[in-house]
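What follows is a set of notes on a single structure, which appears directly below.
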Amino acid sequence: MNIQDILGAPPPKARPGGNNELGQEDFLKLLVAQMKNQDPSNPADNGEFLSQIAQFSMVSGIDDLGTSFKGMSNNYYATQAMQAAELVGREVLTEMDTVLLEEEGGGVNGVVLVPEHTDGLNIQVRNIHGALVKTIDAGDYRDGDSNFAWDGTTEDGKPAGTGEYTISATVLIDGKQQAIPVQTYNRVESITVDRASASVALHLQNRHSVSFSQVNQYR
């Protein structure tokens, strides 16, 4: 027995742009009609009905779950956008070794993650040509997050001048030098919101951009 035998005349053609899919109510009507019109001498197995209901419920549940996740994603994206907007004009700490001195006498602050069993920490500032400008005194560094600061001067104490610089850090482990990531504070100049990818980008004073998720701290 086919669907047309159960429901009678064939359903009207869907109008352009209309919904041509079966909803939950349509499915239940079809299921009831199928039960009423089954052959009494050869009734359908109840397990078949239950299997159809289970399949429909599973598909419906997946659709509902997808809708819920989409709603959560939109809410999370909106929250990110609002939080990012509040960071404009403030400094954020991200994993970035590039800094920009906008004026003489300015300084740079950052953080390095020092591994355990480290015998020495070396932090260096270089100009855009790769020349060493200054070796930063690491002070009493410790395992884990260790703060550092560069006062914007050269080895002889003179102003380094405005411009872009890179900061690198190495540690001594078992007698071998090993590079470690450098995190620096940079001011947020503006943000960009991409609705298509549901992402938020922060544009920093050093002419670089990072995603909102890359922010470790702010001040």
Side-chain angles (χ1 to χ4, degrees), residues 62-115 121-136 138 141-154 159-171 178-219:
I62 293 174
D63 289 342
D64 292 343
L65 187 61
T67 301
S68 298
F69 276 131
K70 184 177 181 180
M72 292 172 59
S73 176
N74 289 338
N75 289 337
Y76 179 68
Y77 161 66
T79 300
Q80 273 197 339
M82 289 187 293
Q83 292 177 339
E86 294 177 354
L87 293 177
V88 175
R90 306 182 72 168
E91 293 184 331
V92 294
L93 180 68
T94 60
E95 187 174 314
M96 184 170 295
D97 59 4
T98 303
V99 295
L100 181 67
L101 283 185
E102 297 179 301
E103 57 183 17
E104 291 187 359
V108 173
N109 296 93
V111 176
V112 290
L113 180 60
V114 181
L121 172 63
N122 182 267
I123 303 176
Q124 296 183 336
V125 181
R126 297 181 181 273
N127 61 23
I128 57 175
H129 304 294
L132 179 64
V133 175
K134 189 170 186 177
T135 299
I136 301 175
Y141 67 88
R142 54 184 174 79
D143 294 348
D145 289 345
S146 185
N147 298 320
F148 70 86
W150 176 42
D151 60 3
T153 62
T154 61
T162 60
E164 189 175 283
Y165 296 85
T166 58
I167 300 178
S168 62
T170 58
V171 293
Q178 178 178 319
I180 58 175
V182 174
Q183 302 178 56
T184 55
Y185 281 98
N186 286 280
R187 188 177 65 253
V188 179
E189 296 291 335
S190 63
I191 68 169
T192 297
V193 177
D194 187 348
R195 295 183 180 276
S197 61
S199 62
V200 181
L202 308 180
H203 306 293
L204 309 178
Q205 72 185 75
N206 62 357
R207 305 187 187 98
H208 290 260
S209 298
V210 296
S211 67
F212 181 80
S213 60
Q214 291 177 282
V215 175
N216 297 318
Q217 297 180 23
Y218 66 89
R219 62 183 187 181

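Each residue takes its place number in the sequence, starting with 1.
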Within this structure, what is the CD1-OG1 distance for the pair Ile128 and Thr166, rounded to the nearest 0.5 Å? 10.0 Å
Distance-only, no hydrogens or angles: does the Asn206 side chain make a donor-acceptor pair with backbone N or O of Thr98 under 3.5 Å? yes
Set out, in order, the CA-CA distance, both residues' side-chain angles and the distance that settles side-chain contact (heavy atoms from CB on, under 4.5 Å) for Val125 and Val99, then state yes or no. CA-CA 10 Å; Val125 181; Val99 295; 5.9 Å; no
Shortest non-hydrogen contact from Leu101 to Gly152? CD1-CA, 4.0 Å
All heavy atoms of Asn127 vs all of Val133, minimum pair found to be N-CG2, 3.6 Å
Please give me the minimum heavy-atom distance between Trp150 and Ala160, naming the atom from each residue. CZ2-CB, 3.8 Å
Would you sort out whether Leu113 and Asp145 count as a side-chain contact (heavy atoms from CB on, under 4.5 Å), showing the intermediate values? CA-CA 5 Å; Leu113 180 60; Asp145 289 345; 3.4 Å; yes
One should read off an interatomic distance between Ile136 CD1 and Ser168 OG, to the nearest 0.5 angstrom, of 9.0 Å
Show the nearest heavy-atom pair for residues Thr154 and Lys134, with the distance to one decimal. O-CD, 3.7 Å
Less than 3.5 Å apart, any donor N or O on the side chain of Gln124 or Arg126 sitting next to an acceptor on the other? yes
Give a yes or no on whether the backbone of Arg187 and the side-chain of Gln205 come within a donor-acceptor separation of less than 3.5 Å. yes
Closest heavy-atom pair, Ala84 versus Leu202, reported as atoms and distance to 0.1 Å, is CB-CD2, 3.7 Å
Validation row: Asn109, Asn147 side chains within 4.5 angstrom (heavy atoms): no
Would you say that Leu87 contacts Ile191 through its side chain, given a criterion of any heavy-atom pair below 4.5 Å between the two side chains? no
Quick one: does Tyr185's side chain have a donor or acceptor within less than 3.5 Å of a partner on Arg219's backbone? no
Is the shortest side-chain heavy-atom distance between Leu204 and Val188 below 4.5 Å? yes
Gln183 and Asn216 have their tightest heavy-atom pair at OE1-ND2, 2.6 Å
Using a 3.5 Å distance criterion without hydrogens, assess whether the side chain of Thr184 forms a donor-acceptor pair with backbone atoms of Met96. yes
Is the closest side-chain donor-acceptor distance between Thr192 and Asp194 under 3.5 Å? no
Apply the test side-chain contact (heavy atoms from CB on, under 4.5 Å) to residues Ile167 and Phe148: give CA-CA distance (whole Å), side-chain angles for both, the deciding distance (0.1 Å), then the verdict. CA-CA 11 Å; Ile167 300 178; Phe148 70 86; 4.0 Å; yes
